[in-house]
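Down below is the structure, laid out as structure tokens.
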Number of protein chains: 2
Amino acid sequence: MAGKKVLIVDDDIKTVELVKLYLTRDGYQVLTAYDGIEALRLARESRPDLIVLDLMLPDIDGLEVCRILRHESDVPIIMLTARSTDQDKLTGLGLGADDYVTKPFSPKELAARVQAVLRRLPRERGPEEIKIGELSMNFTKHEAWFAGKLLDLTSVEFKLLGVLAREPGRVCSRTSLIEEALGYDFEGFDRTIDVHILNLRRKLELDPSHPRYIKTVYGVGYKFVGGE
Amino acid sequence: MAGKKVLIVDDDIKTVELVKLYLTRDGYQVLTAYDGIEALRLARESRPDLIVLDLMLPDIDGLEVCRILRHESDVPIIMLTARSTDQDKLTGLGLGADDYVTKPFSPKELAARVQAVLRRLPRERGPEEIKIGELSMNFTKHEAWFAGKLLDLTSVEFKLLGVLAREPGRVCSRTSLIEEALGYDFEGFDRTIDVHILNLRRKLELDPSHPRYIKTVYGVGYKFVGGE
DNA sequence: TATAATTTTTACAATTTATTAAGAAAAATC
DNA sequence: GATTTTTCTTAATAAATTGTAAAAATTATA
């Protein structure tokens, strides 16, 4: 596998260079940014596999950058914080960073953590690409293709289709779809799923009223089938 | 079905009380412990159906408690951990907790996870696919095939056939069929089963008036036989 | 802040399934 | 063979589930 891309964001050039040195030595492809704006631009453009993000940045707060990125992708983030007390505040905020490292840190330790976070990814996320019949989904690119065409899905639709398509044929109850696609903390109703299913069908079924791919199992839930 | 027993172990009274409130509201019977010793004693004595276990405990470490319990039973355990990084260490240790929840958590989310873990238990116990003679049933796909053809069953018919076919030859009374297929809270009449059996026979018997597979045991109930 | 996009809720229609009831048929009992 | 009990079958009704459109709420973006 070609070296994975890591984006380092910190306003201190020395820190950036030091970390870059270590990560490059470990075979990573390293991108750097010195402020939040640049970080967001690079993150969107180059789609790094991991981001090391400092809390204190000259323009946008690191917190804010983290929050924005979290809404756009699942890219793992390691937060650099000044004091260990900050860490608790951060975890409290439920930002969903994958790890926290307290400054000052040894670059070696950070490199080890980068490796650790990247190593556990595939286990947690499943394959990053699947194909079932005419459907193919790429989870790193966040793209779904059907019958040769790129589908324009919202993020909820994408997640929902992902859950269904990862196990073709398996019936998923609305409850399990909510847990897996919307999260355990979702507080809404079952029927929300119906509407998303309806919208999905409109986007990928030739005849949405007589679906060939996203099937209803009356009284149980929904399932995705290859279209046989 | 009577509420299942859940044991909550945490040294923080507020956390325990909050979780207890939510689980009680969901119909669970809740036991509580504030240290490892007490947790072990209660687990052995009361045999809860699930344990919510904090990692940090005043006397014995939560890790140790988990390890000990794992040697004594298969009771599902949900671990509460301080930071997501701890989770990896734990999974790495192969402790075999059934789920991990990072603090701070929403009590609602934890309640949902408790329910999810308990729900998937029975499915894990019974096989998800069975074959008896010409009949095969796949419970995750919710499909029943007979003589090479996919049967178009309603969800009650599917459940009914599942109960019968999981133990071929065993006679099931209408009462037990109702309990297992329609649920303990069903308030209707025995005769409902007769109609479902009739409909099932029409779907899988060559000659529904002279059934070869779904047999009537006069005065007792019904049974499924391989067709010998 | 205003605007657009997305997500969720609501409400009602359409559909499917479950249940009941009641007479006919079959089996057991006397 | 008549009687009683149990099961089978049909058909009408009730109940539950799903589909759909549109409004409301939320969230992202300019």
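So you know, we letter chains A, B, ... as the sequences are listed, proteins then strands, and number each from 1. If you're wondering where the values come from, they're calculated on a predicted model, not measured in any experiment.
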Worksheet item: Between A:Asp194, A:Asp190, A:Thr192, which is the residue that forms a side-chain hydrogen bond (donor to acceptor under 3.5 Å, both in side chains) with A:Arg174?
Response: A:Asp194
Discussion item. Does D:dA28 have its OP1 or OP2 closer than 4.0 Å to a side-chain nitrogen or oxygen of A:Ser155?
Written reply: no
Worksheet item: Of B:Val217 and A:Gly219, whose closest DNA chain D nucleotide lies nearer the 5' terminus?
Response: B:Val217
Worksheet item: To the nearest angstrom, how far is B:His210 atom NE2 from C:dA25 atom C1'?
Response: 11 Å
Worksheet, complete the sentence: Closest to the side chain of B:Ser209, out of D:dT9, C:dT16, C:dA18, is D:dT9
Discussion item. What residues from residues 189-204 of chain B pass a heavy-atom cutoff of under 4.0 Å to DNA chain C?
Written reply: B:Phe189, B:Thr192, B:Val195, B:His196
Discussion item. Can you tell me if B:Thr154 touches the phosphate of C:dA18, counting only side-chain N or O atoms and a distance under 4.0 Å to OP1 or OP2?
Written reply: yes
Discussion item. Restricting to ring-ring contact (aromatic ring centres under 6.0 Å, His included), what partner residues turn up for A:Phe158, sequence neighbours left out?
Written reply: A:Phe139, A:His142
Worksheet entry | Whole angstrom value for the distance that separates P of C:dT19 from CZ of B:Arg174 | 15 Å
Worksheet entry | Rounded distance in Å - NZ (B:Lys159) to C1' (D:dA16) | 12 Å
Worksheet item: Does any N or O donor sit under 3.5 Å from an N or O acceptor when you compare the side chain of A:Tyr218 with the base of D:dT18?
Response: no
Worksheet item: Between A:Lys223 (side chain) and B:Lys141 (backbone), is there a donor-acceptor pair under 3.5 Å?
Response: yes
Worksheet item: Between the side chains of A:Arg202 and A:Ser209, does any donor sit under 3.5 Å from an acceptor?
Response: no
Worksheet item: Any luck finding a side-chain donor-acceptor pair between B:Thr140 and B:Asn138 under 3.5 Å?
Response: yes
Fill in: Residues B:Glu143 and B:Lys149 bridged, charged N to O under 4.0 Å
no
Worksheet entry | Minimum-distance nucleotide to B:Tyr222 side chain [options: C:dT8, D:dC8, D:dT5] | D:dC8
Worksheet, complete the sentence: Per-helix bend value, the helix from C:dT1-D:dA30 to C:dC30-D:dG1, C1' rotation axes over five pairs per end, 10° rounding, shows 30°
Worksheet entry | Atom CG of B:Leu150: over 12 foreign heavy atoms under 6.0 Å | yes
Fill in: A:Leu177 CG to C:dT7 P, straight-line distance once rounded to whole Å
15 Å
Worksheet item: Separation of A:Lys215 atom NZ from D:dT18 atom P, in whole Å?
Response: 16 Å
Item to complete: Could you state the atom-to-atom distance from CD of A:Glu187 to P of D:dA25 in whole Å?
Response: 17 Å
Worksheet item: Do A:Arg41 and A:Ser46 meet the criterion of a side-chain donor-acceptor pair at a distance under 3.5 Å?
Response: no
Worksheet item: When you look at CG of B:Asp207, are more than 12 heavy atoms from neighbouring residues, nucleotides or ligands closer to it than 6.0 Å?
Response: yes
Discussion item. If I take atom CD in residue A:Glu205 and atom C1' in nucleotide D:dT20, what distance separates them, rounded to the nearest angstrom?
Written reply: 16 Å
Worksheet, complete the sentence: Atom CZ of B:Phe158 and atom P of D:dT17 are separated, to the nearest Å, by 18 Å
